[in-house]
Amino acid sequence: MSHQHQTSTPEGSSDALEGRYAGDNEALIRMRHSAAHMMAEAVLAMFPDAKLGIGPPIDDGFYYDFLLPRTLTPDDLPEIESRMRESAAAAAPFIAEELPREEGLRRFSDQPFKVEIIESLADDTVSIFSHRGFTDLCQGPHAESTDRTGAFKLLRVAGAYWRGDERNPQLQRIYGALFETQEELDAHLQRIAEAERRDHRRLGRELDLFFFDPIAPASPFFLPKGATVYNLMVDFIRELYDAYGYREIITPQIFLSDLWKRSGHYDNYLESMYLTQSDDIEYGVKPMNCPGHCVVYLSQLHSYRALPLRYADFGRLHRNERSGVTHGLTRVRSFSQDDAHIFCRIDQIQEEFSSLIRMMREVYAAFGLNEPRYTLSLRPDQRVGSDETWDRAEQALRDALAGTDYEEIPNEGAFYGPKIDLFSRDALRREWQLSTFQLDFNLPERFGLEYVTEDNRRERPVMIHRAILGSLERFLGVLLEHNAGAFPLWLAPVQAVIIPIADRHVPYARRVETRLRASGLRCEIDDRNERMNAKIRDAQGQRVPYMLVVGDREEAADAVAVRRRENSENLGPMPTDDFITRAQEEIAQRG
RNA sequence: GCCAGCGUAGCUCAGGGGUAGAGCAGCGGUUUCGUAAACCGCAGGCCAUCGGUUCAAAUCCGAUCGCUGGCUCCA
């Protein structure tokens, strides 16, 4: 039921297949696909017994999956790559051919995965492509010849299950990057390097925001600066809750397992839950807030007049994510969400979703995020609720999305209701799922939720699970990678560093500090025995928005010399009060 | 959970069967400086953990834990 899975899709998940080539032209796809064939040719030459999986073009390049007699190491890549270059130098043509299905089966009789693919095809014929004596089952299209395949570089080896199913054998996948020109390839490699520089795990350390310790795997420790940012995020959301009619509640951390049996999590989510025992009674640490919120709903009798009822909860959640799936802040085992559950009537669904979208836009703007991509996930085959309810619900969501560009995805909804997901691209063009708004017909049923109607009957409300930031941990991670650690002023853990030029300026610097703090600004004095240049360098490295240099001249004029983080811009001296006003205005507009 | 790689000082990394090295950070001192790194000195490590091979293991082997890149999962 919930809602916010923490997953991101930086590499594109299966449902991102559509549109993943957006911006890539047909020729480029041909090149990438052809390079995959050339890689298979090279690997087959090195390992004649290799069994071939599939080798498609993907965003930024291509891959091919192999079953090999031994595991590959990164050291194998140069040889494969140089064989590919030989193939390219040969300028051999790609030749397409149609074969009768039976002949195709014969042709690939020593390639079990290819046979499996042919068998799964309904067609009478199969198409193959050949170059330099290497033949692959393939729909094409391909480049004209092996030399027309742009600039490529093999990047890494990885494990991948045949047909993406973990019950199937695991193949070895080799990933390569490919672009039309060397310049574009270099730019891509540059982007990868930049992504490493912006890696939120690295920034977390460098900026003293958070760290991880094996004593609590996949669970972040927030240092004072990180906790400051975290709390500012929460404060901001709380302000919006006032404006959007939410009431915050606080619910228990650990519940009797009975709750999870009632909600259905015990049957379907157990492997991700932390269980604990006390006095022979089993408890579950909450992985989601929704069942607890149902308990809160049930604690009082609700009039139709009270709906929609919006309960917000920043409660800490724990999910025992499988080892191997955790990653920095973006997939953790302990986190909290800007979570809320809305209980409402069916005829209120559309207005609630419209309001959610408005709120979401306000939030994204404040954090400097781009307008997201919207998806509307519709009813799956396995579901609860009547068709009539689904009809009304799906239409309500469509209406809420009217005027926005969105994509409908059949069958992708949860069994308990349709949902709207939002995907945002960061500064490096990677896409992340942040907000999710999910309708739920199931939990109100399981918990027997009711409200009293105008004519004194009992009706069942529906429930909306919604999070805008999602996991606060993950949002912070994404935000860090988006802004490279340079938080906007309102979010910066340290908004200004006061830099005395010499020791004799420290007392004045302290007076300035006192005034700034009294004005609500978060500031520090750098009174280390260092030269001003070093202090500026460090403050820039810490992404502090303002550096206030104070020396003889400033002290005489009750001023500060203001330097901005952006572009090393030097605004020169200004009266201290002017700076305070300026900063407060910037904060007020969340600039 | 699966495949592969990695784990040496707080951080980034070098070394590699014969008693452990650098830069940055830290600490002490000198310097008191006008917009991106002053200088000198000191201290800091059971080389992840456990076990094995060996006269000798940080180094080779195995297991465990953690991390990384993928895959799968994300009621």
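Within every chain, numbering begins at 1; the chains are lettered A, B, ... in the order of the sequence lines, protein sequences first and strands thereafter.
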S.K.: Is there a donor and acceptor pair closer than 3.5 Å between the side chain of A:Glu166 and the base of B:rC2?
M.R.: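 Donor-acceptor pair under 3.5 Å: no.
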S.K.: Send over the distance from A:Ile174 CD1 to B:rC3 P, rounded to a whole Å.
M.R.: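 Answer to the nearest Å: 18 Å.
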S.K.: Please state whether the base of B:rU32 and the side chain of A:Asp503 form at least one donor-acceptor pair under 3.5 Å?
M.R.: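 Indeed there is one.
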S.K.: Would you indicate what A:Arg564 reaches in the nucleic acid, counting non-hydrogen atoms under 4.0 angstrom: base, sugar-phosphate, or nothing?
M.R.: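 Nothing: the residue A:Arg564, judged by heavy atoms under 4.0 Å, touches no strand.
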S.K.: Indicate the atoms forming the closest heavy-atom contact of A:Glu554 with A:Val549, along with that distance.
M.R.: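 For A:Glu554 versus A:Val549, the nearest heavy atoms are CG-O, 3.6 Å.
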S.K.: Kindly write out the residues that satisfy side-chain hydrogen bond (donor to acceptor under 3.5 Å, both in side chains) with A:Trp390, not counting sequence neighbours, or none if the list is empty.
M.R.: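 Per chain and number, A:Trp390 pairs via side-chain hydrogen bond (donor to acceptor under 3.5 Å, both in side chains) with no residue.
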S.K.: Is it true that the side chains of A:Tyr546 and A:Arg564 contain a donor and an acceptor less than 3.5 Å apart?
M.R.: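 There is such a pair (donor and acceptor under 3.5 Å, judged by atom type) between the side chains of A:Tyr546 and A:Arg564.
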S.K.: With no hydrogens and no angle check, just 3.5 Å: does a side-chain donor-acceptor pair link A:Tyr416 and A:Glu445?
M.R.: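 Absent: no donor and acceptor within the cut-off.
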S.K.: Could you work out the separation of B:rC33 and B:rA38 based on their P atoms and round it to a whole Å?
M.R.: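 To the nearest whole Å, 15 Å.
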S.K.: May I have the distance from A:Tyr161 (atom OH) to B:rG69 (atom P), rounded to whole angstrom?
M.R.: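 These atoms are roughly 17 Å apart.
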S.K.: For nucleotides B:rU12 and B:rU32, find the distance between their P atoms and express it as a whole number of Å.
M.R.: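 After rounding to an integer number of Å, I get 36 Å for this pair.
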S.K.: Can you tell me which residue among A:Arg474, A:Arg202, A:Arg430 is in a salt bridge (Lys or Arg N to Asp or Glu O under 4.0 Å) with A:Glu481?
M.R.: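 Of A:Arg474, A:Arg202, A:Arg430, salt bridge (Lys or Arg N to Asp or Glu O under 4.0 Å) with A:Glu481 is met by A:Arg430 alone.
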S.K.: Which value, in whole Å, describes the distance between the P atoms of nucleotides B:rG5 and B:rG62?
M.R.: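 The same atom, P, in both gives a distance of 11 Å.
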S.K.: Given B:rG34, B:rA75, B:rC11, which nucleotide is nearest the side-chain atoms of A:Arg205?
M.R.: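 The answer is B:rC11, which lies nearest to the side chain.
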S.K.: Which nucleotide wins on minimum distance to the side chain of A:Arg331, given the candidates B:rA75, B:rC73, B:rG34?
M.R.: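 The answer is B:rC73.
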S.K.: Taking B:rC13 as the reference, what is the distance to B:rU64 when you measure between their C1' atoms (whole Å, please)?
M.R.: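 B:rU64 and B:rC13 have their C1' atoms separated by 26 Å.
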S.K.: If you measure only the distance, is there a donor-acceptor pair under 3.5 Å linking the side chains of A:Ser334 and A:Arg316?
M.R.: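 There is such a pair (donor and acceptor under 3.5 Å, judged by atom type) between the side chains of A:Ser334 and A:Arg316.
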S.K.: Between B:rG23 and B:rG7, how far apart are the two P atoms, rounded to whole Å?
M.R.: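 Rounded to whole Å, the distance is 22 Å.
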S.K.: Using atom NE2 of A:His327 as one end and atom C1' of B:rU68 as the other, report the distance to the nearest whole Å.
M.R.: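 In whole Å, B:rU68 C1' lies 9 Å from A:His327 NE2.
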S.K.: Take the protein atom CG of A:Leu259 and the nucleotide atom P of B:rA75, then report the distance between them rounded to whole Å.
M.R.: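 After rounding, the reported distance stands at 18 Å.
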S.K.: Please report the distance separating the C1' of B:rG10 from the corresponding atom of B:rA56, rounded so that it comes out in whole Å.
M.R.: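 Pairwise C1' distance, B:rG10 against B:rA56, rounds to 32 Å.
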S.K.: What is the distance, to the nearest angstrom, from the CZ atom on A:Arg156 to the C1' atom on B:rG5?
M.R.: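 Atom-to-atom, A:Arg156 to B:rG5, this comes out as 12 Å.
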S.K.: For atom P, what is the distance between B:rC2 and B:rU19, given to the nearest Å?
M.R.: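 40 Å, rounded to whole Å.
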S.K.: Does a side-chain N or O of A:His505 approach OP1 or OP2 of B:rC33 to a distance below 4.0 Å, or not?
M.R.: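 A:His505 to B:rC33 OP1/OP2: no side-chain N or O under 4.0 Å.
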S.K.: Is it the case that the base of B:rU72 and the side chain of A:Asp165 share a donor-acceptor contact (distance under 3.5 Å, atom types as modelled)?
M.R.: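 It does not, because no donor-acceptor pair links the side chain of A:Asp165 to the base of B:rU72 below 3.5 Å.
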S.K.: Send over the distance from A:Arg563 CZ to B:rG34 P, rounded to a whole Å.
M.R.: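 In whole Å, B:rG34 P lies 15 Å from A:Arg563 CZ.
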S.K.: Could you tell me how far apart A:Arg531 (CZ) and B:rC33 (C1') are, to the nearest whole angstrom?
M.R.: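 So the CZ-C1' distance, A:Arg531 to B:rC33, works out to 7 Å.
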S.K.: In whole angstrom, what separates A:Leu72's CG from B:rG69's C1'?
M.R.: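 For the pair A:Leu72 CG and B:rG69 C1', the rounded distance is 14 Å.
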